[in-house]
Structure formats: structure tokens, C-alpha cells
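In what follows, a structure is listed as C-alpha cells, so that the remarks can point back to it.
Nothing here was measured: the structure is a model prediction, and the numbers come from that model.
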Amino acid sequence: MKYNVIVFPGSNCDYDAYYVVKNIMNAEVDFIWHKENKLREPDCVIIPGGFSYGDYLRAGAIAQFSPIMIDVFKFAKNGGLIIGICNGFQILTETHLLPGSLLRNSSLNFVCKHQYIRVNNNTTPFTNQTKRGEVLDIPIAHNEGNYYIDERGLQDLQDNDQIVFQYCEKSGQVTENSNPNGALMNIAGICNKEGNVLGMMPHPERVSDSEVSGIDGQKIFGSLRGHKYPR
């Protein structure tokens with residue numbers, strides 16, 4: 001399996017994602033600079049966390065116009081797997097590969113901490129090594145993670161089982177106190193209707209090595225193992 005990690009000016013989790021894919025998952029991986037025009041035959045594209053273009057204007061708003069995003073968009077529409085993490089999630093909503101938007105945290109403060117999330121959909125290519133209702137401990141670090149979508153869009157997400165992760169207590173209970181940023185319905189991650197594009201605010205690449213503070217992120221990357229993009 002081959003990964004491409006997109007790098008924008010301001011990306012700061014690109015090397016973490018690269019390290020996990022190459023050294024923990026033992027997969028092939030290339031960095032792709034945002035000014036390139038063509039992906040390098042990936043099976044999965046990672047849009048990493050960070051502050052693309054310094055988050056000027058609005059998080060992810062400028063990155064959507066980078067040249068590489070034209071090919072990323074085509075790849076997604078042809079069924080290629082894409083995972084956007086934190087700033088990557090924001091970029092995916094700005095490109096409309098995922099619905100909704102990420103607003104500033106309700107506290108108006110940057111939040112960086114460990115966070116429990118519950119798996120609501122374990123049938124996606126990104127979660128098939130998890131159980132429905134399983135609680136994962138995956139850290140967050142963001143200023144704009146407050147997911148919002150209008151009422152009709154929210155109903156679509158529910159009807160199509162697109163709400164993949166929700167912030168929760170350690171017990172798995174979804175509560176107001178377990179919501180770190182004010183996200184609608186405690187939403188931490190969603191997929192598109194086809195299930196091949198995932199956006200999530202928590203950082204699985206930060207908990208995928210036993211040398212750090214957990215390995216729950218391996219369940220996300222492990223779920224992707226073996227998927228091949230049909231060429």
C-alpha cells in the first residue's frame with residue numbers, strides 16, 4: 001500500500017504522519033509539495049494537521065486553491081482514500097469533499113489534550129479494525145474544531161451513518177462535558193456518503209507508536225492496510 005502526504009506551507013504534522021506510515025505500518029510513502037500538479041500513484045492520501053498558509057483568512061481556506069488539490073479532488077471522486085487530520089479536516093470541508101465547516105472553539109481558546117472519542121461507524125476503510133461503540137484515546141490540538149452543519153445536512157449525516165467519531169467520556173457516554181470545542185452533537189469526525197473520504201479533528205498519528213502516550217491511532221492506520229486504489 002502506498003501513501004502520499006500533502007505538504008502545505010504551515011503543515012506541522014506531516015512528518016508525524018510520514019513516520020507512522022513508514023516506520024510503524026511499514027508502508028511506502030511520499031511527501032507531495034502543494035505546488036506539484038500530480039499525485040504519485042497513491043492508494044491513500046493524507047492531508048496532515050498544522051496551519052496551512054498560517055490559517056490566514058480562515059483555516060484551510062487558502063489551501064484549497066493549491067495546485068495539487070485539483071488532483072486530490074479527482075482522486076477522491078474516483079474512489080481514492082483520503083484522510084484529513086485536524087487542519088486536513090478543515091481543508092476537506094473547504095474543498096467540499098466533506099460537508100459542514102469547522103468554527104472556532106466555543107471557549108475561543110486553543111485546546112491541546114488527550115481526548116476520548118467513540119466509534120459510531122466501524123464499516124469504513126478507516127475504522128474496520130475497531131468495534132462500534134469502542135472508545136479510543138486520541139489527542140486533539142486545535143483552535144477551530146467546532147464542527148457545524150445546518151439541520152438538513154445533519155440529518156443527512158445521520159441517515160447515511162456518516163458521523164464516524166463523537167467526543168465522549170471514558171465510559172463512551174456522549175456528554176456536554178466531554179465536548180472540548182462545542183461541536184454539534186460532539187462530532188469529532190465524519191466521512192463522505194461514499195465512505196472513502198474521512199475528516200477527523202483528533203490526531204491518530206500522535207498515538208501510533210508505543211514509545212509515546214498510546215497506540216490507539218494504530219487502529220485507524222491499521223484499518224487502511226491492504227486497501228488498493230484501482231488503476
Full working for side chain to side chain contact (heavy atoms under 4.5 Å, CB included) between Ile6 and Leu39 = CA-CA 9 Å; Ile6 311 298; Leu39 295 170; 3.8 Å; yes
inquiry  = Below 30° counts as parallel, above 60° as perpendicular, anything between as tilted: where do the rings of Tyr18 and Phe31 land?
reply    = parallel
Donor-acceptor pair, side chain of Glu134 and main chain of Lys131, under 3.5 angstrom = yes
query = Can you tell if the side chain of Leu81 reaches within under 4.5 Å of the side chain of Tyr229, non-hydrogen atoms only?
reply = no
ask   = Taking all non-hydrogen atoms of both residues, which atom of Ala188 and which atom of Phe89 are closest, and how far apart?
value = O-CE2, 4.2 Å
task = Mark yes or no for whether Gln155, through its side chain, and Arg152, through its backbone, hold a donor-acceptor pair below 3.5 Å.
result = no
remark   = Exactly one candidate in Thr127, Ile117, Val207 meets side-chain contact (heavy atoms from CB on, under 4.5 Å) with Leu136; the answer is Ile117
task = Please round to the nearest 0.5 Å and tell me the distance separating atom CG of Leu224 and atom CG of Asn128.
result = 8.0 Å
inquiry  = When you measure from the side chain of Asn121 to the backbone of Asp161, do you find a donor-acceptor pair of N or O atoms at a distance under 3.5 Å?
reply    = yes
query = Under 3.5 Å, is there a donor-acceptor pair between the Ser107 and Asn105 side chains?
reply = no
ask   = So do the side chains of Lys35 and Ile68 get within less than 4.5 Å of each other, counting heavy atoms only?
value = no
key: Under 3.5 Å donor-acceptor, Gln64 side chain and Ala61 backbone   = yes
request  = Using distance alone, with no hydrogens and no angle criterion, decide if Asp43 and His227 have a side-chain donor and acceptor under 3.5 Å apart.
outcome  = no
ask   = Quick one: does Pro202's side chain get under 4.5 Å of Gln115's, heavy atoms only?
value = no
note = Of all heavy-atom pairs linking Cys86 and His142, the shortest is SG-CB, 3.8 Å
inquiry  = Assess the residue pair Ile32 and Arg40 against the criterion (side chain to side chain contact (heavy atoms under 4.5 Å, CB included)); give the C-alpha distance rounded to whole Å, side-chain angles, the decisive distance to 0.1 Å, and a yes or no.
reply    = CA-CA 8 Å; Ile32 306 293; Arg40 297 180 199 167; 3.5 Å; yes
Shortest non-hydrogen separation from Thr124 to Gly195 and the atoms involved = CB-O, 4.5 Å
ask   = Do Lys170 and Asp137 sit within salt-bridge range, that is, some charged N less than 4.0 Å from a carboxylate O?
value = no
Cys13 side chain reached by Arg206 side chain, heavy atoms, under 4.5 Å = yes
request  = Could you tell me whether the side chain of Asp216 reaches within less than 4.5 Å of the side chain of Pro204, counting heavy atoms only?
outcome  = no
task = Would you sort out whether Gln218 and Gln129 count as a side chain to side chain contact (heavy atoms under 4.5 Å, CB included), showing the intermediate values?
result = CA-CA 9 Å; Gln218 287 188 16; Gln129 286 195 1; over 6 Å; no
key: Nearest-0.5 Å distance that lies between atom CG in Asn196 and atom CZ in Phe75   = 8.5 Å
query = Any sub-3.5 Å donor-acceptor pair from Gln166's side-chain atoms to Val174's backbone N or O?
reply = no
ask   = Just by distance, do the side chain of Ser11 and the backbone of Val7 share a donor-acceptor pair under 3.5 Å?
value = no
request  = List the atom of Lys219, the atom of Thr130, and the distance in Å for their closest heavy-atom pair.
outcome  = CB-CG2, 3.9 Å
query = Minimum heavy-atom separation for Gln173 to Ser178, with atom names?
reply = O-OG, 4.0 Å
request  = Identify whether the distance between the nearest side-chain nitrogen and carboxylate oxygen of Arg58 and Glu94 falls below 4.0 Å.
outcome  = yes
request  = Give a yes or no on whether the ring-centroid distance for Phe51 and Tyr56 is below 6.0 angstrom.
outcome  = no
key: CD1-CZ distance between Ile220 and Phe126, expressed to the nearest 0.5 angstrom   = 9.5 Å
task = Tell me who clusters with Tyr116, hydrophobic residues only, linked when side chains sit under 4.5 Å apart either directly or through other members.
result = Val135
ask   = Atom CG of Asn122 and atom CZ of Arg132: how far apart are they, to the nearest 0.5 Å?
value = 5.5 Å
request  = Please step through side chain to side chain contact (heavy atoms under 4.5 Å, CB included) for the pair Ile190 and Ile187, ending with a clear verdict.
outcome  = CA-CA 8 Å; Ile190 63 168; Ile187 290 174; 3.6 Å; yes
ask   = Are Phe73 and Phe65 co-members of a hydrophobic cluster defined by side-chain heavy atoms under 4.5 Å apart?
value = no
inquiry  = Can you confirm whether Asp30 sits close enough to Lys2 that some side-chain heavy atom of one is under 4.5 Å from a side-chain heavy atom of the other?
reply    = yes
task = Count the heavy atoms belonging to other residues, nucleotides or ligands that lie under 6.0 Å from OH of Tyr15, then report whether that count exceeds 12.
result = no
message = Given Asn186, which partner from the list Asn179, Asn181, Thr175 fulfils the side-chain hydrogen bond (donor to acceptor under 3.5 Å, both in side chains) test?
response = Asn179
note = Only one of Val197, Ile83, Ile85 passes side-chain contact (heavy atoms from CB on, under 4.5 Å) with Leu92, and that residue is Val197
key: Identified side-chain contact (heavy atoms from CB on, under 4.5 Å) partner of Ile82 from the options Asn4, Ile47, Leu98, Asn192   = Ile47
key: CG on Leu184 to CD on Glu151, rounded to 0.5 Å   = 10.0 Å
task = Check whether any side-chain heavy atom of Thr93 sits under 4.5 Å from a side-chain heavy atom of Tyr148, and report yes or no.
result = no
key: Any Asn177 side-chain heavy atom under 4.5 Å of Glu169 side chain   = yes
request  = Answer yes or no: is there a donor N or O on one side and an acceptor on the other, between the side chain of Glu144 and the main chain of Leu103, under 3.5 Å?
outcome  = no
request  = Treating Ile, Leu, Val, Met, Phe, Trp and Tyr as nodes and any side-chain heavy-atom pair under 4.5 angstrom as an edge, say whether Val212 and Phe221 lie in one connected cluster.
outcome  = no
query = Taking all atoms of both residues into account, what is the closest heavy-atom pair of Ile46 and Ala17, and its distance?
reply = CG2-CB, 4.1 Å
inquiry  = Looking only at the side chains, is there a donor atom on one of Tyr53 and Ser66 sitting less than 3.5 Å from an acceptor on the other?
reply    = yes
message = Using 0.5 Å steps for rounding, measure from the CE atom of Met1 to the CG atom of Asn26.
response = 13.5 Å
